[in-house]
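Residue numbers begin at 1 in each chain, while the letters A, B, ... track the order of the sequences.
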There are 2 protein chains.
Amino acid sequence: MRNEERRERLRTALIDAAERTIAAHGLSALKARDLAKEVGCALGAIYTAFPDLDALILAVNLRTLALFDRAIAEVRLAPEPEGPATPAEREAAIDTLVRLAVAYLHFAASNPARWRALFQHRMTGALPDWYLVEQGRLFHAIEAPLRVLRPDLSETERALLARSLFSATHGLVSLGLDEKLMALSERVLRGQIETVVRALGKGLARE
Amino acid sequence: MRNEERRERLRTALIDAAERTIAAHGLSALKARDLAKEVGCALGAIYTAFPDLDALILAVNLRTLALFDRAIAEVRLAPEPEGPATPAEREAAIDTLVRLAVAYLHFAASNPARWRALFQHRMTGALPDWYLVEQGRLFHAIEAPLRVLRPDLSETERALLARSLFSATHGLVSLGLDEKLMALSERVLRGQIETVVRALGKGLARE
DNA sequence: CGGCGTCGTGAACGTTGTTCACGAGCGCAT
DNA sequence: ATGCGCTCGTGAACAACGTTCACGACGCCG
């Protein structure tokens, strides 16, 4: 079917345009009419490719998550020791946690509008599967060093703790970059994140 | 002037109605027309009391901040030791940090819609003074125990660290209560917050 | 009692996202 | 080649929103 191909072309063209708009002017600048004008299609055509604008935003967010995945790929490469952890290995695990958090900050600071769109977007119903899968990837990266620091935790407890560490880091980045609380430079913010995450790792480590 | 009094009456009536709506159905349910119908005034009358709906939301948020202030009043009462801190005093300081964080969680969980409105609202320009004043109150409550844990820090460094601790806690509460990441019960979330904040305090403490 | 000023009124405007009756374009059979 | 039918994009129309503004009612003072 030629038809399916055209639909797919429209889909990617729409995602491209939406991504450009969001990256340049933020999520609130995304208008259906502007979008149609930019990709050279009719207003209604958008709704033949996506059920609504939310779905389009979700597609853009998937790309952002993929970008972020590549951004923390090297940090994830850290080798995972086995057996009882030496003090040096514990230090290395804490360093990995810090590097992950700093990588998160750096990504958010480098792609502010794209990153904001991930969270500004108010989910109506349940999130799609692929969204959760992509999220899980990040959490797994956090769980690895946690396994070194806290081998006593069950898999479930560790997963929960990983989510909490992410949430704390997200709070630092989110309120730090938003001028809502106070605008901090990425430099200062990195210092704070290093301090906090390192303290967290130190305090969590089982001695 | 009888006139001024009527204006003030309208103001409080509007804030009352807006607060009820936000608390019951969330910020997105606040519509100018519904509001006018509820307080029994004309649509345009709203704009004689407030420049726009944002200002009205800000007024509701002020009430929320006052509510929160009362909620953490007792935690703030903790006495502040002087001179070099004993290990027991350091433990007490960490406990205070944990209690503050748990109080924050409890407030957010008890007033979910009101609390969300504080952050969902996108600030256009600079925030009003009273907003910053109210924020400062919370940060001072965090700085007190930090003074015990880290007497070596300068006033500026401590203020920065206090904001970072708040940000981390906010992240835990925000992503924990939102079903964005995964919906956690207040019970589970409290356990996570206690773990994380305690680890933070432990890791931060200068030995 | 009449003129004048003040202030709420609600119809109207500009922007949204979303829908749907129409018609253009294409393939196939006659 | 011509007519028929089906499919799918089109863009005018709709509903809901925040915000504005010309009008008219009401009250006060001369």
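Taking atom NZ of B:Lys37 as the reference point, atom P of C:dT9 lies 14 Å away to the nearest angstrom. One interatomic measurement links the two molecules: CZ of B:Arg7 to P of C:dC7, which rounds to 7 Å at whole-angstrom precision. Taking atom CG of B:Leu35 as the reference point, atom P of D:dC17 lies 12 Å away to the nearest angstrom.
When every heavy atom of A:Ala141 is checked against every heavy atom of A:Leu100, the shortest pair comes out as O-CD1, 3.5 Å.
Using a 4.5 Å heavy-atom cutoff, the side chains of B:Ile193 and B:Tyr104 are not in contact.
Using a 4.0 Å cut-off on heavy atoms, none of the residues of residues 19-27 of chain B approach DNA chain D.
Screening residues 32-53 of chain A for salt bridge (Lys or Arg N to Asp or Glu O under 4.0 Å) gives A:Arg20-A:Glu38 as the qualifying pairs, with residues at least two apart or on separate chains.
Between the side chain of A:Arg99 and the backbone N or O of A:Val75 there is no donor-acceptor pair closer than 3.5 Å.
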Worksheet entry | From CA spacing to verdict: salt bridge (charged side-chain N to carboxylate O under 4.0 Å, His left out), A:Asp16, A:Arg63 | CA-CA 10 Å; A:Asp16 285 345; A:Arg63 286 198 182 174; 2.8 Å; yes
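In this view, B:Glu134 and B:Arg137 satisfy the salt bridge (Lys or Arg N to Asp or Glu O under 4.0 Å) rule, not counting sequence neighbours.
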Pick out the pairs of N or O atoms, protein on one side and nucleotides 16-18 of chain C on the other, that lie under 3.5 Å.
from   : atom 1 : to      : atom 2 : distance (Å)
C:dG17 : OP1    : A:Leu30 : O      : 3.2
C:dG17 : OP2    : A:Ala32 : N      : 3.0
C:dG17 : N7     : A:Arg33 : NH1    : 2.9
C:dG17 : O6     : A:Arg33 : NH2    : 2.7
C:dT18 : OP2    : A:Tyr47 : OH     : 3.0
C:dT18 : OP2    : A:Leu53 : N      : 3.1

Mind listing the side-chain donor-acceptor pairs of residues 185-192 of chain B below 3.5 Å, one per line with the distance, residues two or more places apart or on another chain?
from     : atom 1 : to       : atom 2 : distance (Å)
B:Ser185 : OG     : B:Val188 : N      : 3.2
B:Gln192 : OE1    : A:Ser164 : OG     : 2.6

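Rounded to 10 degrees, the angle between the two end axes of the helix from C:dC1-D:dG30 to C:dT30-D:dA1 is 40°, with five pairs used at each end.
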